[in-house]
Amino acid sequence: MSGSTHVDPRANAYLAARVDDALRLLKTDGMSPALEFMQLVGVPRTVALRVLCSPTLQRRRDRRRAPR
């Protein structure tokens, strides 16, 4: 490990990236397409609904320094 002080607390980088994709879909296409996309890529429904329905709980920016 590089000893970075900024560690992404999300354990699954693949799903984290898909959630970020869904949030972009939410802005452009709306709630239904974003939810459908999240379900198709395997994001648990409870997580998908929490993220899409609670904007105050969404991450403002990714904590990683560089995308993987």
Side-chain angles (χ1 to χ4, degrees):
M1 291 225 168
S2 65
S4 173
T5 58
H6 297 286
V7 176
D8 191 344
R10 299 177 288 185
N12 188 325
Y14 172 79
L15 286 183
R18 300 301 67 84
V19 169
D20 291 341
D21 293 341
L23 291 175
R24 284 190 286 280
L25 269 175
L26 177 64
K27 290 178 184 176
T28 59
D29 298 339
M31 177 85 63
S32 183
L35 177 60
E36 184 175 346
F37 171 77
M38 291 174 93
Q39 290 180 312
L40 287 173
V41 297
V43 175
R45 186 171 176 82
T46 55
V47 173
L49 291 174
R50 183 182 72 233
V51 169
L52 295 174
C53 296
S54 303
T56 57
L57 298 178
Q58 294 172 3
R59 296 177 189 277
R60 297 291 178 233
R61 61 183 176 87
D62 197 346
R63 297 172 85 182
R64 290 177 278 179
R65 291 184 182 180
R68 294 181 185 170

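Taking each heavy atom of Ala22 and Ala34 in turn, the nearest pair found is O-CB, 3.5 Å.
Summarising the geometry, atom CG belonging to Asp20 is positioned 11.0 Å from atom CG belonging to Leu15; distances are rounded to the nearest 0.5 Å. For the atom pair CG (Leu40) and CG (Leu35), the distance works out to 9.5 Å, reported to the nearest 0.5 Å. The CG atom of Leu49 lies 7.5 Å from the CD atom of Gln39; values are rounded to the nearest 0.5 Å. Residue Leu26 holds its CG atom at 12.5 Å from CZ of Phe37, rounded to the nearest 0.5 Å.
Among Val41, Val43, Leu52, the one residue that satisfies the side-chain contact (heavy atoms from CB on, under 4.5 Å) test with Val19 is Val43.
Residue-environment remark: CD (Glu36) stays at or below the threshold of 12 foreign heavy atoms within 6.0 Å.
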Legend entry - Stepwise side-chain contact (heavy atoms from CB on, under 4.5 Å) check, Leu25 with Met38: CA-CA 10 Å; Leu25 269 175; Met38 291 174 93; over 6 Å; no
